[in-house]
Amino acid sequence: MTPITVRTATAMLISIGVLASSQCHSAPATVPTGTWVTEDGRARVRTERCGSDATRLCGFVVWGREPLGADGQAKVDRSNPDPSKQARPQLGHQMLMGLKANSDGRFEGKIYNADNGKSYDVAIWSDQPSTLTVKGCMLVFCASQTWTRATNVAPGELQGATDATDGPRSDREWAVKANPSAKKGTPAESSPARPK
């Protein structure tokens, strides 16, 4: 081959390599929002963008097969390490804590288990619209579950918006933050003017 042909072939190979590498970047993570039935059918969890950071994913228990304890009262989060949360109902509590998308298109962070008051590392992702894979880890031990998308509303399921009266409740750090620049009496917060 002549030196010009070698240089042309080399330039073409480099161009193809650059083009291929630019095409191979991970696709942005699909945010798996919706209501999911846990693998054992004991609960339904609603996943949505977090109120305080829309790039993160939060999840809330919106239904439980056994919402009442042996005493006939609503189960509460009595094992929570935070004493201020120990009297809150388990139904409606936040269990997925601001999961962040990683380079593989999975969401990673912490999952809270109200049954024992412990938090675990978790990764979740959806390979198809009808299922959600949930992989939890404690130290070096990991286990996966497949949750399925709910196709109906169960009796007693919380349906209201998060932090509304009839909806689940965000933990303080994941709730919608008040606008710090808004001051009382500004047009955005004051009552509309009444016609005279």
Side-chain angles (χ1 to χ4, degrees), residues 23-69 74-82 85-86 88-159 162 167-175:
Q23 301 293 322
C24 291
H25 289 292
S26 297
T30 301
V31 182
T33 58
T35 300
W36 308 92
V37 180
T38 60
E39 189 171 272
D40 60 10
R42 289 179 34 201
R44 290 178 178 219
V45 178
R46 184 166 79 199
T47 56
E48 59 191 40
R49 293 182 181 274
C50 299
S52 63
D53 183 347
T55 65
R56 297 199 177 220
L57 190 70
C58 287
F60 308 88
V61 176
V62 293
W63 178 85
R65 184 188 305 150
E66 298 175 4
L68 304 179
K75 289 182 180 177
V76 294
D77 194 8
R78 72 184 69 215
S79 298
N80 197 303
D82 180 347
K85 295 178 181 176
Q86 291 174 355
R88 71 179 181 176
Q90 284 189 13
L91 181 63
H93 81 277
Q94 184 171 347
M95 71 178 299
L96 295 175
M97 306 300 178
L99 308 186
K100 186 176 183 178
N102 69 16
S103 60
D104 295 329
R106 297 177 178 193
F107 285 81
E108 297 178 319
K110 294 289 186 185
I111 187 169
Y112 172 72
N113 181 349
D115 291 335
N116 63 13
K118 296 183 187 282
S119 294
Y120 304 94
D121 292 329
V122 71
I124 69 170
W125 64 95
S126 183
D127 293 325
Q128 53 186 328
S130 62
T131 62
L132 183 70
T133 302
V134 180
K135 181 179 181 181
C137 297
M138 181 177 71
L139 301 173
V140 295
F141 303 104
C142 296
S144 294
Q145 289 188 3
T146 300
W147 295 357
T148 55
R149 187 177 295 279
T151 57
N152 62 356
V153 176
E157 183 175 331
L158 298 177
Q159 297 179 56
T162 301
R169 293 160 306 285
S170 299
D171 282 2
R172 194 174 319 115
E173 62 271 27
W174 300 109

_Tell me which one of Asn152, Thr151, Thr148 satisfies side chain to side chain contact (heavy atoms under 4.5 Å, CB included) with Val37._
Thr148
*Would you confirm whether Gln94, through its side chain, and Leu96, through its main-chain N or O, come within 3.5 Å as a donor-acceptor pair?*
yes
*Measure the spacing between OG of Ser170 and NE2 of His93 and express it to the nearest 0.5 Å.*
12.5 Å
*Is Lys110 atom NZ crowded by more than 12 heavy atoms from other residues, nucleotides or ligands, each under 6.0 Å away?*
yes
_As an exercise, state the distance from CH2 of Trp63 to CZ of Arg44, rounded to the nearest 0.5 Å._
6.5 Å
_Derivation of the side chain to side chain contact (heavy atoms under 4.5 Å, CB included) call for Leu99 and Ile124_ = CA-CA 9 Å; Leu99 308 186; Ile124 69 170; 3.7 Å; yes
_Under 3.5 Å donor-acceptor, Glu108 side chain and Lys100 backbone_ = no
*How many angstroms lie between CE in Met97 and CE in Met95, if you round to the nearest 0.5 Å?*
8.5 Å
_Spacing of Thr35 atom OG1 and Gln159 atom CD [to the nearest 0.5 Å]_ = 9.0 Å
With a 3.5 Å cut-off and sequence neighbours excluded, list the donor-acceptor pairs that the side chains of residues 45-61 form with protein atoms.
unit_1: Arg46; atom_1: NE; unit_2: Glu48; atom_2: OE1; d: 3.2
unit_1: Arg46; atom_1: NH1; unit_2: Gly160; atom_2: O; d: 3.1
unit_1: Arg46; atom_1: NH2; unit_2: Gly160; atom_2: O; d: 2.9
unit_1: Arg46; atom_1: NH2; unit_2: Thr162; atom_2: OG1; d: 3.2
unit_1: Thr47; atom_1: OG1; unit_2: Pro32; atom_2: O; d: 2.6
unit_1: Thr47; atom_1: OG1; unit_2: Gly34; atom_2: N; d: 3.3
unit_1: Thr47; atom_1: OG1; unit_2: Gly34; atom_2: O; d: 3.3
unit_1: Thr47; atom_1: OG1; unit_2: Trp36; atom_2: NE1; d: 2.9
unit_1: Glu48; atom_1: OE1; unit_2: Thr162; atom_2: OG1; d: 3.3
unit_1: Glu48; atom_1: OE2; unit_2: Thr162; atom_2: OG1; d: 2.4
unit_1: Arg49; atom_1: NH1; unit_2: Ala54; atom_2: O; d: 2.6
unit_1: Ser52; atom_1: OG; unit_2: Glu173; atom_2: O; d: 3.1
unit_1: Asp53; atom_1: OD1; unit_2: Thr55; atom_2: N; d: 3.0
unit_1: Asp53; atom_1: OD1; unit_2: Thr55; atom_2: OG1; d: 2.6
unit_1: Asp53; atom_1: OD2; unit_2: Thr55; atom_2: OG1; d: 3.4
unit_1: Arg56; atom_1: NH1; unit_2: Gly98; atom_2: O; d: 3.0

*Ignoring hydrogens and geometry, is there a side-chain-to-backbone donor-acceptor pair from Asp104 to Arg106 under 3.5 Å?*
no
*asked:* Strictly below 4.0 Å, N to O, side chains only: are Lys85 and Asp171 in salt-bridge contact?
replied: yes
*Does Arg78 come within less than 4.0 Å of Asp115, counting only side-chain N to carboxylate O?*
no
*Spacing of Thr131 atom OG1 and Trp147 atom CH2 [to the nearest 0.5 Å]*: 12.5 Å
*Gln128 backbone acceptor or donor facing Ser126 side chain under 3.5 Å*: yes
*Using atom types as modelled and distance alone, determine if a side-chain donor or acceptor of Lys75 lies under 3.5 Å from a backbone N or O of Leu91.*
no
*Mind checking the CG-CG spacing from Leu139 to Asp121? Nearest 0.5 Å is all I need.*
9.0 Å
_Nearest heavy-atom neighbours spanning Leu158 and Gly92_ = CD1-CA, 3.5 Å
*Does one side chain, of Gln90 or Asp77, offer a donor that lies under 3.5 Å from an acceptor on the other?*
no
*Taking all non-hydrogen atoms of both residues into account, name the closest pair between Ser79 and Tyr112 and its distance.*
C-OH, 4.3 Å
*Kindly indicate whether the side chain of Leu132, heavy atoms from C-beta on, has any atom under 4.5 Å from the side chain of Thr146.*
no
